[in-house]
There are 2 protein chains.
Amino acid sequence: MPVTLHDLARKLGVSVATVSRALSGAPGVAEETRRRIVEAAEAMQYRPNVLAQRLQKQRTDTIGFIIPTFGPRFSDPFFSELLAGIGNEAAVHEYDLLVSTRPPGEEEMIAYERMVQERRVDGLLVVRTRRHDPRIEYLQSHHFPFVAFGRCEAEEPFPYVDVDGEAGMYRLTHHLIAKGHRRIAYITVSDALMFSHYRIQGYRRALEEAGLPFDAELIVEAGMSDEEGFRAGQALLRREPPPTAIIAATDLIALGVMGAAESCGVQVGSDLAVAGFDDISLASLAHPPLTTLRQPIYAIGQTICRMLLERILQGTIAEPYRLLQPELIVRASTDFVYPSE
Amino acid sequence: MPVTLHDLARKLGVSVATVSRALSGAPGVAEETRRRIVEAAEAMQYRPNVLAQRLQKQRTDTIGFIIPTFGPRFSDPFFSELLAGIGNEAAVHEYDLLVSTRPPGEEEMIAYERMVQERRVDGLLVVRTRRHDPRIEYLQSHHFPFVAFGRCEAEEPFPYVDVDGEAGMYRLTHHLIAKGHRRIAYITVSDALMFSHYRIQGYRRALEEAGLPFDAELIVEAGMSDEEGFRAGQALLRREPPPTAIIAATDLIALGVMGAAESCGVQVGSDLAVAGFDDISLASLAHPPLTTLRQPIYAIGQTICRMLLERILQGTIAEPYRLLQPELIVRASTDFVYPSE
DNA sequence: CTTGACATCGTAAACGTTTTCGCTTATACT
DNA sequence: AGTATAAGCGAAAACGTTTACGATGTCAAG
């Protein structure tokens, strides 16, 4: 049986209130008494019952994070890094982190409702925002504290951190155009995802600005995995004439494209330029190393966590809207000049 | 203000006890009364306060999972998949999942002590077991429910799921020897990690059995990342003469080795055989596709979670020790016969 | 010597449930 | 008609804290 405040109080001949005060550092208890209590607590290995504390304080000291998983084989280096950032930051502030993994849709919303209505957490982290995002609408309508990684087309503003995918893809596309590419294909993911929507817009803007036509033949939609990138890459390489460059919405997809090129006997870096987005660590070790746009995933995890705690503890966030610029990392996968026609 | 049992009871002119019974499905309440209560609860959008439930039941309905992170840039596809398996299984049983991310060592132990002593969770999942594992000793000495992914050199047995790395590496090494390789290098990770210890033993056993010498020159220790694999690969390729095959303790490392070969102008698949362990999804898309040993990570996540719940709910586990055989997946990275001398 | 301020501590309510126990009433059996 | 049995329900304790409030005692100022 674990020792409680009662046990301590009885042992010392004082009241539970005094013990509680002494241990929490509240004022109104003599220094000598406090010393006795603290010593006894130490000796008896007293540990507070967090369940009781939480019920009393009506706070869980916990934040929630529901990871949208796509398919059973959910293997995404992006999330482990984000999770590490969030988890370590939460630990610094002595907050617990409640994680759920749910595929987007019905079940996911149920998970959100559980967290909110049953008050399992004090706040939530939302990632992979969608253009029309029911999760965000729900949280807003319930005035529940949350911070998002990604923007969304909502009426009301909400605190977020995002990476400027439009500007990033614009720069990347521009880079390829400058290298002489004219047939630049693009592998997108579901347009319902906000980041995907922004990224392809940057691609289109760069084409437009260069006076290049937007060719629907060169756009393919894929799922967010390397396997899907492989398939999309194969499809694109069968176009007549094939593209000279392929931009993928994410690094994972781009790695799949490189696999596809390999399987078609196409040399990435000399026959075909490939680029991605994220700069996961495998990007620099790919064959050849992959040109990409770097976003500081770990730091973003830390930041959204810190912002959420700010919101929970102080009620407001000093800097609630943060748009980061991704850094263009040019590597060998795009580093050759395509002969102009 | 959220509605409580009291509110419902007052509204309906019954006692809280009856409302509680009606809603929990306990016997001793008339069908008609139950119907009225359930209807009212629905109408008033009653949601139980889990904090109060937990304090009363002295159970958290939560399991804990402390992820050992190595370095700030923690990008490991292995963990996202394992986490998905655990998380989805926990959701099926309506259990919450509390996740911490801590680098191994002091801080990690503190996280374990918090979880156990402050009763934040009903049970714990332990992964990446170490040969001498203080976490397991601690949990055993406190009789705290847990299940491990991986074995360890402990006095007392404990429930675990593991993949037979020794047998796996033996088969893989044997495969390379059969292909004619004689100078087979091995990149290991810290021998303190149980799985690493087992895997290299399999390698040694295969060498021994084939009458090949164990050459310390051909063994390199690395960290568990692709970057570290890159460095280790470079180091091995500078040996005189260089190895004709390199086995890496994990796929992530193997992918790094392939990057290193690339940077040295060595053709993987024809000049050098490379193999890994895990079969992460990128392995099949590597250049060339990577020979590896497959372990069903997602399913293992599900299994350890289910076993832990079995332990918590029933007090015992039907099949507490499970050793799975990894499947050798031969791909192009080792699929050539090395000319015998 | 009285008054007020202050320090120290205890009492008790509160947080929202679950569950034991006992009471009443209705039903069945002798 | 009387008694055992069970069904339906309420009162109250319990889970382990925190905290508002009140009680007591001490001491300095008037």
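Chain A is the first sequence line, chain B the second, and so forth, proteins listed ahead of strands; every chain is numbered from 1.
Counting to the nearest Å, the C1' atom of C/dC15 and the CG atom of A/Leu51 are 13 Å from each other. Distance CD1 (A/Ile37) to C1' (C/dT8): 11 Å, rounded to an integer number of Å. If you measure from atom CG of A/Leu5 to atom P of D/dC15, you get 13 Å, rounded to the nearest angstrom. One atom, CZ of B/Arg47, and another, P of C/dT17, lie 12 Å apart when rounded to the nearest Å. The distance from atom NE2 of A/His6 to atom C1' of C/dA12 is 11 Å, rounded to the nearest whole Å. One can place CZ of A/Arg35 at 15 Å from P of C/dT8, the figure rounded to the nearest angstrom. If you measure from atom CG of A/Asn49 to atom P of D/dT18, you get 10 Å, rounded to the nearest angstrom. In this structure, NZ of A/Lys57 is placed 6 Å from P of D/dT18, rounded to the nearest angstrom.
One finds no salt bridge joining B/Glu31 and B/Arg35 here, because no Lys/Arg side-chain nitrogen approaches an Asp/Glu carboxylate oxygen to under 4.0 Å.
Of all nucleotides listed (C/dT17, D/dT17, C/dG16), C/dG16 comes nearest to the side chain of A/Leu55.
The distance from atom CD of A/Glu118 to atom CD of A/Glu113, rounded to the nearest 0.5 Å, is 10.0 Å. Here CG of A/Leu55 is found 6.0 Å from CG of B/Leu51. Values are rounded to the nearest 0.5 Å. Going from atom NE2 of A/His6 over to atom CG of A/Leu8 covers 11.0 Å, rounded to the nearest 0.5 Å.
Checking the phosphate oxygens (OP1, OP2) of C/dT18, no side-chain nitrogen or oxygen of B/Gln58 falls inside 4.0 Å. When the side-chain nitrogen and oxygen atoms of B/Gln56 are compared with OP1 and OP2 of C/dT19, none of them lie within a distance under 4.0 Å.
A cation-pi geometry, defined here as NZ or CZ lying under 6.0 Å from the six-membered ring centre and within 45° of its normal, does not hold between A/Arg135 and A/Phe146.
Taking the six-membered ring where the residue is Trp, A/Tyr321 and A/Tyr160 present tilted rings, their angle falling between 30° and 60°.
The residue A/Pro48 sits close only to the backbone: its heavy atoms come under 4.0 Å of sugar-phosphate atoms, none of a base. The residue A/Thr4 sits close only to the backbone: its heavy atoms come under 4.0 Å of sugar-phosphate atoms, none of a base.
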List every contact pair, protein side and nucleotides 6-12 of chain D side both N or O, where the distance is under 3.5 Å.
residue: D/dC9; atom: OP1; partner: B/Thr33; partner atom: OG1; Å: 2.7
residue: D/dC9; atom: OP2; partner: B/Ala30; partner atom: N; Å: 2.8
residue: D/dC9; atom: OP2; partner: B/Thr33; partner atom: OG1; Å: 3.1
residue: D/dG10; atom: OP1; partner: B/Ser15; partner atom: N; Å: 3.4
residue: D/dG10; atom: OP2; partner: B/Ser15; partner atom: N; Å: 2.8
residue: D/dG10; atom: OP2; partner: B/Ser15; partner atom: OG; Å: 2.9
residue: D/dG10; atom: OP2; partner: B/Thr18; partner atom: OG1; Å: 2.5
residue: D/dG10; atom: N7; partner: B/Arg21; partner atom: NH2; Å: 2.9
residue: D/dG10; atom: O6; partner: B/Arg21; partner atom: NH1; Å: 3.2
residue: D/dG10; atom: O6; partner: B/Arg21; partner atom: NH2; Å: 3.1

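With hydrogens and angles left out, the side-chain atoms of B/Asn88 and B/Tyr298 include a donor and acceptor closer than 3.5 Å.
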